Undergrad: 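There's a structure below that I have some questions on.
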Amino acid sequence: MRQVHPELAPRPGLSKAEMESLQRRVAETAVFEDDLSFDPASISLADSGTTTLTGDTDPPLVAGIDQSFLDDRAVSAVVVLRGGAVVERVHAVSELDLPYVPGLLSFREGGPILDALAKLDSDPDLLVFDGSGRVHFRQAGLATHLGVVYDVPSIGVAKSLLCGTPDEDVDGRPEGWQTPIRADDSVDAVGGHPATPETVIGYAFQSRQYDSRPIINPLYVSPGHRLSAETTVDVVSRLSGDYKLPEPTRLADAYADEAKAQYE
DNA sequence: GCGACAG
DNA sequence: ATCTTGTCGC
């Protein structure tokens with residue numbers, strides 16, 4: 001996978017103001033509408049090989065990315081799926097330069113993730129990140145930032161909401177439920193277009209809800225790059241298996257822990 | 001000053 | 001994110 005915009009890659013040593021201005025450039029470059037090389041409906045977790053008889057084609061390559069941490073090092077893991085089959089796994093251990101600061105996550109975790117993605121042989125059609133995409137103060141969260149660097153369709157899947165306002169109360173919703181997340185005052189304009197409450201920057205999505213106890217919180221999904229908010233939820237639902245997190249993310253999460261164990 | 005915040 | 005025992009349920 002080649003970086004189309006290496007000049008926009010998160011790099012260490014920038015001041016807070018420089019990081020924010022780089023994020024504004026990323027947001028200007030990002031495309032929040034569908035520009036895909038595959039049909040979203042072809043996304044599936046079913047193991048479907050090529051069926052010459054019907055002319056079926058292989059499902060798209062989807063990469064799940066997640067990290068685990070040791071002291072001041074990050075273990076970045078990437079798991080690539082084609083349908084429900086794992087076709088490649090890579091990981092990288094990198095030194096962390098910055099602390100976690102809300103809104104600047106891509107500068108702490110982005111570099112380490114690029115280290116892992118550089119080891120990838122396959123060329124994913126879609127990147128699924130653990131964190132926000134467009135749901136971000138400058139509409140340039142981790143998923144947007146790295147998706148733009150590679151100019152590959154990307155999605156952000158977060159377990160909590162960074163900013164924006166859900167249309168409806170998200171508590172105790174049934175499986176499959178979803179509601180738009182709209183821009184609020186904390187979300188900056190992009191491309192001369194102000195971010196108004198009409199701007200849908202993501203969706204709250206209840207991927208799972210077990211009959212029993214603890215009410216499960218919804219996922220907060222948002223476009224990273226080259227997908228609309230609507231297609232983003234659709235794709236995440238297609239990538240959902242038996243757990244709360246979409247399968248690529250869940251497998252990357254497990255692999256990050258597995259790899260981490262080798263270094264401690 | 002208050003609020004409030006991905007991983 | 002990470003530190004952690006037990007506990008409920010399929």
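Because only heavy atoms are used, hydrogens play no part in the values below, and waters and symmetry mates are left out as well, while side chains stay in. Since we're looking at a predicted model, the values are computed, not measured. Lettering of chains follows the sequences in order, A, B, ..., and the numbering in each one begins at 1.
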Undergrad: With sugar-phosphate meaning primed atoms plus P, OP1 and OP2, does A/Tyr220 contact a base, only sugar-phosphate, or nothing at under 4.0 Å between heavy atoms?
TA: nothing
Undergrad: Whole angstroms only, please: what is the CZ-P distance between A/Phe137 and B/dG7?
TA: 12 Å
Undergrad: What is the distance from CG of A/Leu161 to P of B/dA6, rounded to the nearest Å?
TA: 9 Å
Undergrad: Just checking A/Gly103: base, sugar-phosphate only, or nothing, at a heavy-atom cut-off of under 4.0 Å?
TA: base
Undergrad: What's A/Ser186 touching, base or sugar-phosphate or nothing? Going by heavy atoms closer than 4.0 Å.
TA: nothing
Undergrad: Are any side-chain N or O atoms of A/Lys244 and backbone N or O atoms of A/Asn217, one a donor and one an acceptor, separated by less than 3.5 Å?
TA: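 Yes: the side chain of A/Lys244 pairs with the backbone of A/Asn217.
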Undergrad: Within less than 4.0 Å of OP1 or OP2 of B/dG7, is there a side-chain N or O belonging to A/Ser160?
TA: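 True: A/Ser160 side-chain N/O within range (under 4.0 Å) of B/dG7 OP1/OP2.
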Undergrad: Which protein N or O atoms sit under 3.5 Å from an N or O of nucleotides 2-4 of chain B?
TA:
none

Undergrad: Can you tell me the distance, in whole Å, between the CD1 atom of A/Ile181 and the P atom of B/dA6?
TA: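 Going from CD1 in A/Ile181 over to P in B/dA6 covers 14 Å.
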Undergrad: Do A/His225 and A/Tyr150 have ring centres separated by under 6.0 Å?
TA: no
Undergrad: Return no unless some side-chain N or O of A/Lys159 is found under 4.0 Å from OP1 or OP2 of C/dA1.
TA: yes
Undergrad: Once you round it to whole Å, what is the distance between P of C/dC3 and CZ of A/Phe69?
TA: 12 Å
Undergrad: Counting only side-chain heavy atoms from C-beta out, which of B/dA6, C/dC3, C/dA1 sits nearest to A/Lys260?
TA: C/dC3
Undergrad: Of the options A/Asp234, A/Val235, A/Val233, A/Leu239, which is the one that meets A/Ser237 in a side chain to side chain contact (heavy atoms under 4.5 Å, CB included)?
TA: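 Among A/Asp234, A/Val235, A/Val233, A/Leu239, the one meeting side chain to side chain contact (heavy atoms under 4.5 Å, CB included) with A/Ser237 is A/Asp234.
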Undergrad: In the structure I gave you, are the side-chain heavy atoms of A/Leu8 and A/Leu22 within less than 4.5 Å of one another anywhere?
TA: yes
Undergrad: Measure CG/A/Asp66 against P/C/dT2 and give the value in whole Å, please.
TA: 8 Å
Undergrad: Is there a donor-acceptor contact under 3.5 Å from the side chain of A/Ser154 to the main chain of A/Leu127?
TA: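 Checked: no pair found.
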Undergrad: Just checking A/Leu104: base, sugar-phosphate only, or nothing, at a heavy-atom cut-off of under 4.0 Å?
TA: base
Undergrad: Using the rule that Ile, Leu, Val, Met, Phe, Trp and Tyr join whenever any side-chain heavy atoms are under 4.5 Å apart, tell me whether A/Leu126 and A/Val135 fall into a single cluster.
TA: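 They do not share one cluster, since no chain of ILVMFWY contacts under 4.5 Å joins A/Leu126 to A/Val135.
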Undergrad: Whole angstroms only, please: what is the CZ-P distance between A/Arg138 and B/dA6?
TA: 13 Å
Undergrad: With the criterion set at under 5.5 Å between ring centres and under 30 degrees between planes, would B/dG7 be stacked on A/Tyr100?
TA: yes
Undergrad: Mind calculating the distance between CG (A/Asp188) and C1' (B/dC5) to the nearest angstrom?
TA: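 Rounded to whole Å, this separation is 15 Å.
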Undergrad: Rounded to the nearest 0.5 Å, what's the gap from CD on A/Gln178 to CG on A/Asp167? Could you check?
TA: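 The CG atom of A/Asp167 is 11.0 Å from CD of A/Gln178, to the nearest 0.5 Å.
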Undergrad: Which nucleotide in the set C/dT2, B/dG7, B/dA6 lies at the smallest distance from any side-chain heavy atom of A/His136?
TA: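 Comparing C/dT2, B/dG7, B/dA6 against the side chain of A/His136, the answer is B/dA6.
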Undergrad: What is the separation between atom CZ on A/Arg134 and atom C1' on B/dA6, rounded to the nearest whole Å?
TA: 17 Å
